[in-house]
A.B. asks: 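Submitted below is the structure of interest, expressed as structure tokens.
This chain uses plain numbering: 1 for the first residue, then up along the sequence. The analysis underlying the following values was restricted to heavy atoms, covering all of them including side chains, and did not include hydrogens, waters or symmetry mates.
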Amino acid sequence: MKAVILSGGEGTRLRAISGGLPKPMMPLLGTPLLAHTIALLRENGFDRLCLTLHYQPQIIREHFQDGSAFGVSIEYREETIPLGTAGAVLNCRDFIGDEKVLVISGDSACDFDLASLTAYHQSGVTIALSAQSEPLPYGLVITDRDGNITGFLEKPVWERVVTDQVSTGIYVLSPDILDLIPAGQPYDFARDLFPRLLTLGIPMRGQVMDGYWCDIGTPRAYYQCNLDALDGLYHLPGIQEAPRRVIPCRDRARLMRAVSEAMTEFGSDFSDGLTVTSPSGRAHLAPLADQSALLLEGDRAAVRKLEALARKLNERM
């Protein structure tokens, strides 16, 4: 499958700590974030990649070259002037051809199941959404019960917040969507293309994803992302053999009770914390001894499902 990685960002807000590196090349536990993104794509079956470049393109080219050392095939498209997110993808049109394509930002960290997102896509545009308790810095996406997108709110104040669903900047596009992007000029997905699609009635759907997502755009967010990777909140593909999640909570015993009650009917084992075995695999959940949090380990798909349940129950407590 094909994916386009938007990799042209300078990272102005990170300049004090970036040392002039392109934003996607900021190290995360000693490895460029872009390398983690490529590993995630490879894990999900995306082996043909096109990287859009603008700021310090030679640094990215020299590091990844043709992609063979990373188990993928990489092409590059450089912009002499910034074309915006949608314009940059249009610049990859010859690479995309007549196939649907995944678009992902090279400067955000995530461990989503991108293969399932692509399978979920039907037509038009599908946007990967993340539920965020503090959504003000992001673009909010309003959907109906069936996941159809009905509106957008860009970085609202609290008085205007109507959802916790934010756009992650990860999209699946049908190839005909490219016909609506004007060539040779800056054009953005959120600001320009998506409002136009709503007006035209072209299908757009949102899918709330399980797992970790973080935009490393500020020093604080970048620092937190590194901590989250150390704590197992962010699963680094190809590094951690088994997913490990730490779920902070106010009352670990009470949350364990809530999760245990919810899982009793599924034949769970309570002899050593909570162990759930299902067609998705095996997951183990138990309180940590040194902090008010739960530790979740096991097979990736099973961990994702149990984590989503635990986090929802924790929010209701």
A.B. asks: For a quick test of reading the model, state the closest non-hydrogen atom pair linking L33 to S108 and the distance between them.
C.D. replies: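 Smallest heavy-atom distance, with atoms named: CD2-N, 3.9 Å.
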A.B. asks: Using a 4.5 Å cut-off on heavy atoms from C-beta on, say whether the side chain of C225 contacts that of Y212.
C.D. replies: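 Yes, their side chains come closer than 4.5 Å.
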A.B. asks: Would you check if Y222 and P27 make a side-chain contact, meaning some heavy-atom pair closer than 4.5 Å?
C.D. replies: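 Yes, side chains in contact.
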A.B. asks: Looking at residues at least two apart in the chain, or sitting in another chain, which of them share a side-chain contact (heavy atoms from CB on, under 4.5 Å) with L136?
C.D. replies: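 Testing L136 for side-chain contact (heavy atoms from CB on, under 4.5 Å), a comparison that skips the adjacent residues, returns W158, V161.
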A.B. asks: Looking at D144, I'd like to know if its CG atom is crowded, meaning that more than 12 non-hydrogen atoms belonging to other residues, nucleotides or ligands lie closer than 6.0 Å.
C.D. replies: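 Above 12, so yes.
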A.B. asks: Report yes if the side chains of L117 and F112 come closer than 4.5 Å at any heavy-atom pair, otherwise no.
C.D. replies: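 No, side chains not in contact.
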A.B. asks: Indicate yes or no: at least one non-hydrogen side-chain atom of W213 is less than 4.5 angstrom from one of V166.
C.D. replies: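 Touching, per the 4.5 Å side-chain cut-off.
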A.B. asks: How far apart are the closest heavy atoms of N314 and L255, and which atoms are they?
C.D. replies: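 Here N314 and L255 meet closest at N-CD1, 3.7 Å.
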A.B. asks: How about F270: does its CZ atom have over 12 heavy atoms from other parts shown lying under 6.0 Å from it?
C.D. replies: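 It does: F270 CZ has more than 12 such atoms within range.
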A.B. asks: Is it possible for you to say whether V101 and L90 belong to one hydrophobic cluster, with membership spreading through side-chain heavy-atom contacts below 4.5 Å?
C.D. replies: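 Same cluster.
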A.B. asks: Within a strict 4.5 Å, meaning less than it, do heavy atoms of the V89 and T52 side chains meet?
C.D. replies: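 Heavy-atom side-chain distance check fails, nothing below 4.5 Å.
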A.B. asks: Below 3.5 Å, can you tabulate the donor-acceptor pairs from side chains in residues 189-203 to any protein atom, sequence neighbours excluded?
C.D. replies:
| unit_1 | atom_1 | unit_2 | atom_2 | d |
| --- | --- | --- | --- | --- |
| D192 | OD2 | D188 | N | 2.8 |
| R196 | NH1 | L180 | O | 2.8 |
| T199 | OG1 | P195 | O | 3.1 |

A.B. asks: Just distance, no hydrogens or angles: give the donor-acceptor pairs under 3.5 Å from side chains in residues 67-77, sequence neighbours left out.
C.D. replies:
| unit_1 | atom_1 | unit_2 | atom_2 | d |
| --- | --- | --- | --- | --- |
| S68 | OG | D66 | OD1 | 2.8 |
| E75 | OE1 | R77 | NH1 | 3.4 |
| E75 | OE1 | R77 | NH2 | 2.9 |
| Y76 | OH | Q65 | N | 3.3 |
| Y76 | OH | Q65 | O | 2.5 |
| R77 | NE | D94 | OD1 | 3.4 |
| R77 | NH2 | D94 | OD1 | 3.2 |
| R77 | NH2 | D94 | OD2 | 3.1 |

A.B. asks: Within 45 degrees of the axis of the six-membered ring of F95 and under 6.0 Å from its centre: does K2 put its NZ or CZ there?
C.D. replies: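 Yes, K2 lies over the aromatic ring of F95.
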A.B. asks: In the structure I gave you, are the side-chain heavy atoms of L102 and H121 within less than 4.5 Å of one another anywhere?
C.D. replies: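 The answer is no, as the side chains (C-beta and beyond) never meet within the 4.5 Å cut-off.
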A.B. asks: Do P219 and L14 have side chains that approach each other closer than 4.5 Å (heavy atoms only, starting at C-beta)?
C.D. replies: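 Yes, at least one pair of side-chain atoms sits under 4.5 Å.
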A.B. asks: For L288 and V246, which heavy atoms make the closest approach, and how far apart are they?
C.D. replies: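 Minimum heavy-atom contact is CD1-CG1, 3.9 Å.
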A.B. asks: Taking all non-hydrogen atoms of both residues, which atom of E154 and which atom of G139 are closest, and how far apart?
C.D. replies: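 Heavy-atom minimum between the residues: OE1-CA, 3.6 Å.
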